[in-house]
Amino acid sequence: MIMRRWRQNLRFLAAVQLLPALESGEETLVGGQAVLEGVMMRSPHAWGIAVRKPSGEILTHSESLERPSEQHKWMGWPVVRGVMTLGTAMTLGFRALKFSANAALEEISADQSNDDGSNAARDDDPGKNKKKFEISGWVAGVNMVFSVAFFIFMYKYLPLVAATELKKVHPVFGQQFLFNLVDGLIRIAMFLLFVWGVSLWKDIRRVYEYHGAEHKTVFAFENGDPLETAAVQKYSTYHPRCGTSFLMTVMIISMVVYMFIPVTTFWARFAERIILLPLIAGVSYEIIRFAAKHRGSLFALMTAPGLWLQRITTQPPDNSEVECAILALDEAMKLEKQRGGELVIA
């Protein structure tokens, strides 16, 4: 029982590290995110989630969602809207992951109660002797802090250290263009290695399968097909608005931007990589958004590496996984219709 709890917590931690690659944030489009044994779907004014518990039962939940640009007009400005939408999507994605992790822990709690005997049946209060397991607030907070620190250390600090050391080996690596090119390539290589490495873990591979189910369902919805398993399964698992494409675009844009900023010291370069991250994320968002609507444009070619990478971050789902994605979208659309929101299809 303890091992099952630790395994669930490790799955949650690993999924948090992958959160930017799994989510698809766009406030005027239908999108979603894979979670642990389920899928979260969002529409402009609502989100829904469907998680399959170890017993096979599907647990669903939905809530209304406020669009940042409707609350504050400036949040809808180009580039700014990308940063705001990304922040909202990350926050919502973390909540969805926590919900899915707690669904499994709740069942572990019930199993332990049954293993302890029939105390509940003999007690006047059936819930008196049950201890509910869940991801607590402080555990979730530690996970978020660790994730941010991991991102900065892994994709900002280490590549910069490696490029700096190469500069000591040969002066040619100190040239502005080549230094930032090497730094960027190392960053991309580390990201690819991490994404591939965690895919070898069976539990995370199932998350990637749910990621594929999410993409197939969004494609079916965008094409006006009935949200039925057979109709959804015929679609591709590769979607241009995926978070994987977004991250790859961010890394490519970063290389270009850093090449034009004339800083030479280690800590100045490290600082620029932190300070410029929101701006680069906002620009990347606009490129992804444009590329999704103009599949034959030059910008669409820039997002191609992200689509290639989805060969790892999305896997063919089975029908039960597609069922979760369909239920999640149904939950979101029920609330969306109540709010009277207008969907814009890419």
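The first residue in the sequence is number 1, and the count goes up from there.
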Exercise for review: Check whether any side-chain N or O of Asn223 sits under 3.5 Å from a backbone N or O of Asp225 as a donor-acceptor pair, and report yes or no.
Suggested key: no
Check your understanding: Is any side-chain heavy atom of Arg52 closer than 4.5 Å to a side-chain heavy atom of Tyr210?
Key -> yes
Check your understanding: Within the side chain of Glu321, is there an N or O that forms a donor-acceptor pair under 3.5 Å with the backbone of His211?
Key -> no
Exercise for review: Kindly assign one of parallel, tilted or perpendicular to the pair His239 and His215, based on the angle between their ring planes and the thresholds 30° and 60°.
Suggested key: tilted
Practice item. Find the distance between CH2 (Trp201) and OH (Tyr208) and round it off to the nearest 0.5 Å. Key: 11.0 Å
Review point. Is there a side-chain contact between Thr314 and Thr244 (heavy atoms, below 4.5 Å)?
Key: no
Exercise for review: Go through the steps to decide whether Phe151 and Lys156 satisfy the test side chain to side chain contact (heavy atoms under 4.5 Å, CB included), and finish with yes or no.
Suggested key: CA-CA 7 Å; Phe151 175 84; Lys156 299 299 178 183; 4.1 Å; yes
Point to revise | Minimum side-chain heavy-atom gap Arg95-Glu63 below 4.5 Å | key: yes
Exercise for review: Look up atom CE in Met40 and atom CD in Gln33, then write down how far apart they are to the nearest 0.5 Å.
Suggested key: 4.5 Å
Check your understanding: Do the ring centers of Phe194 and Tyr155 come within less than 6.0 Å of each other?
Key -> no
Review point. Can you say whether the rings of His170 and Phe173 are parallel (under 30°), tilted (30 to 60°) or perpendicular (over 60°)?
Key: perpendicular
**Study point:** Gap separating the CE atom of Met251 from the CG atom of Asp183, nearest 0.5 angstrom
**Key:** 11.0 Å
Check your understanding: Nearest heavy-atom pair of Ile280 and Val250: which atoms, and what distance?
Key -> CG2-O, 3.8 Å
Point to revise | pair Thr237-Gln310: side-chain heavy atoms closer than 4.5 Å | key: no
Check your understanding: For the side chain of Glu209 and the backbone of Glu37, is there at least one donor-acceptor N/O pair under 3.5 Å apart?
Key -> no
Review point. Quick one: CG on Leu327 to CD1 on Ile58, what's the gap to the nearest 0.5 Å?
Key: 5.0 Å
Check your understanding: Considering all heavy atoms of both residues, which atom of Gln176 and which atom of Ile261 are nearest to each other, and what is their separation?
Key -> NE2-O, 2.6 Å
Exercise for review: Ignoring hydrogens and angles, tell me if any N or O in the side chain of Arg269 forms a donor-acceptor pair with the backbone of Thr264 under 3.5 Å.
Suggested key: yes
Review point. Can you name the closest pair of heavy atoms from Ile186 and Ala163 and give their distance?
Key: CD1-N, 4.2 Å
Practice item. Give a yes or no answer on whether the side chain of Glu323 reaches the backbone of Asp318 with a donor-acceptor pair at less than 3.5 Å. Key: no
Check your understanding: Heavy atoms, side chains only, cut-off 4.5 Å: are Pro317 and Lys216 in contact?
Key -> yes
Review point. CG of Asp330 to CG of Leu335: how many Å apart, nearest 0.5 Å?
Key: 12.0 Å
Revision key, fill the gap. Smallest heavy-atom separation, Val195 atom then Val198 atom, equals O-CG2, 3.4 Å
**Study point:** Atom of Ile274, atom of Ile152 and distance for their closest heavy-atom approach
**Key:** CD1-CG2, 3.9 Å
**Study point:** Common cluster, Ile253/Ile275, ILVMFWY with side-chain heavy-atom separation under 4.5 Å
**Key:** no
**Study point:** Full working for side chain to side chain contact (heavy atoms under 4.5 Å, CB included) between Tyr285 and Val83
**Key:** CA-CA 8 Å; Tyr285 172 89; Val83 179; over 6 Å; no
Review point. Mind checking whether Lys202 and Arg205 have side chains closer than 4.5 Å, heavy atoms only?
Key: no
Point to revise | Chi angles and distances behind the side chain to side chain contact (heavy atoms under 4.5 Å, CB included) call for Phe179, Thr164 | key: CA-CA 8 Å; Phe179 181 91; Thr164 302; 3.8 Å; yes
Check your understanding: Going through the distances and angles, do Trp196 and Leu309 end up as a side chain to side chain contact (heavy atoms under 4.5 Å, CB included)?
Key -> CA-CA 9 Å; Trp196 172 79; Leu309 185 55; over 6 Å; no
Check your understanding: Does the side chain of Met248 come within less than 4.5 Å of Leu307's, by heavy atoms?
Key -> no
Practice item. For the residue pair Trp267 and Phe270, categorise the inter-ring angle as parallel (less than 30°), tilted (30 to 60°) or perpendicular (more than 60°). Key: perpendicular
Practice item. Using modelled atom types only, decide if a donor and an acceptor are shared between the side chain of Ser100 and the backbone of Leu36 within a distance under 3.5 Å. Key: yes
Point to revise | Flag side-chain contact, heavy atom, 4.5 Å: His61 against Trp47 | key: yes
Revision key, fill the gap. Here the gap from Cys324 atom SG to Met41 atom CE, rounded to the nearest 0.5 Å, amounts to 10.5 Å
